[in-house]
Amino acid sequence: VPLMLPLEDSEENLRESLELVDAVIFSGGHDISPFRYQEEPHAKLEEICPERDQFDFMLYRLAKERSLPILGICRGYQLMNVAEGGSLYQDLSQKESESLKHSQGHGPSIPTHSVKVFPGTKLHQILGKEEIKVNSFHHQALKRLSDTAEVSGRAFDDVVEAIELKDYSFGIGVQFHPEMLQEKDEDMKKLFRALVEAAKDYAKKKQLK
């Protein structure tokens, strides 16, 4: 059963909310403030929301403390990397080599570029494929990867499209939007099914404590 957590500035209230859930999805949205990774704003930085940053970073820390299964999507995936000590290209124009089109001008359910999925990763285990087609709605990208994460997928221009947390039961982030593809794409459904299974396992362990 999905539960939307309201924007909250009280850590105590958020801890109580997390008592009700067995996994967390960090969704897309605003750019993350570059102050979070010790940079000044680039000219092409888009809208930020400090209140959401405060909420999401606190939620991420508390979810990690509880070892909750985590799925980050777009902004949520970028947040995972920044919260773990990594950084972002504030705009793909900062990237030295030429990029593919990552902000598609098509409907959200249309895949527009390919992603290489690396064998041996949890994402590869879930999808069972070394290449998938994804949609793309972002102008930022991962720059410095956190030491606590590993890359599990890249676009053909080397933009990182998926990461997963090391030494963590279920912590996956994807730059694309599987929620917009899952009605037509069985691979994207696999990702959500894997999250649900991880949540069930978490709930069982919680009951045993």
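Just so you know, these numbers use all the heavy atoms, side chains as well, and skip hydrogens, waters and symmetry mates. When a residue number appears, it is its place in the shown sequence, counting from 1.
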- Note on the structure: Nearest heavy-atom contact between Tyr168 and Ala63 is OH-O, 3.5 Å
- Item | Shortest non-hydrogen contact between Pro108 and Leu181, atoms and distance | O-CD2, 3.9 Å
Is the closest side-chain heavy-atom distance between [X] and [Y] below 4.5 Å?
X	Y	value
His138	Ser103	no
Leu62	Phe57	no
Gln78	Arg36	no
His177	Met188	no
Lys44	Gln94	no
Leu5	Leu18	yes
Arg144	Leu88	no
His113	Ser136	yes

Strictly below 4.0 Å, N to O, side chains only: are [X] and [Y] in salt-bridge contact?
X	Y	value
Lys190	Glu197	no
Arg75	Asp56	yes
Glu186	Arg193	yes
Arg66	Glu19	yes
Glu84	Lys166	no
Lys133	Glu131	yes
Arg61	Glu11	yes

- Query: Taking everything shown except Lys184 itself, do over 12 heavy atoms lie less than 6.0 Å from its NZ?
  - Reply: no
- Message: Could you check whether Arg154 makes a cation-pi contact with Phe118, meaning its NZ or CZ is under 6.0 Å from the centre of the six-membered ring and within 45° of the ring axis?
- Response: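 Verdict for Phe118: no cation-pi partner in Arg154.
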Taking atom [atom1] of [X] and atom [atom2] of [Y], what is their separation to the nearest 0.5 Å?
X	Y	atom1	atom2	answer
Asn81	Ser146	CG	OG	6.0 Å
Lys200	Lys205	NZ	NZ	15.0 Å
Ile126	Phe170	CD1	CZ	4.5 Å
Ile73	Gln175	CD1	CD	11.0 Å
Ser33	Asp53	OG	CG	6.0 Å
Glu46	Gln140	CD	CD	7.5 Å

- Donor-acceptor pair, Lys129 side chain versus Lys116 backbone, under 3.5 Å? no
- Item | Side-chain donor-acceptor pair present, Ser93, Lys95, cut-off under 3.5 Å |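 No, no side-chain donor-acceptor contact under 3.5 Å.
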- Message: Working note: Tyr77 + Leu142, criterion side-chain contact (heavy atoms from CB on, under 4.5 Å); need CA distance, chi angles, decisive distance, verdict.
- Response: CA-CA 9 Å; Tyr77 144 88; Leu142 264 62; 3.4 Å; yes
- Please determine which of Glu39, His139, His42, Lys143 meets the side-chain hydrogen bond (donor to acceptor under 3.5 Å, both in side chains) test together with Gln90.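 Of all the options given, the one that passes is Glu39.
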- Task: Using the salt bridge (Lys or Arg N to Asp or Glu O under 4.0 Å) rule, take Arg15 and Glu65 through it: C-alpha gap first, then chi angles, then the decisive distance, then the call.
- Result: CA-CA 10 Å; Arg15 285 183 184 277; Glu65 284 179 7; 3.4 Å; yes
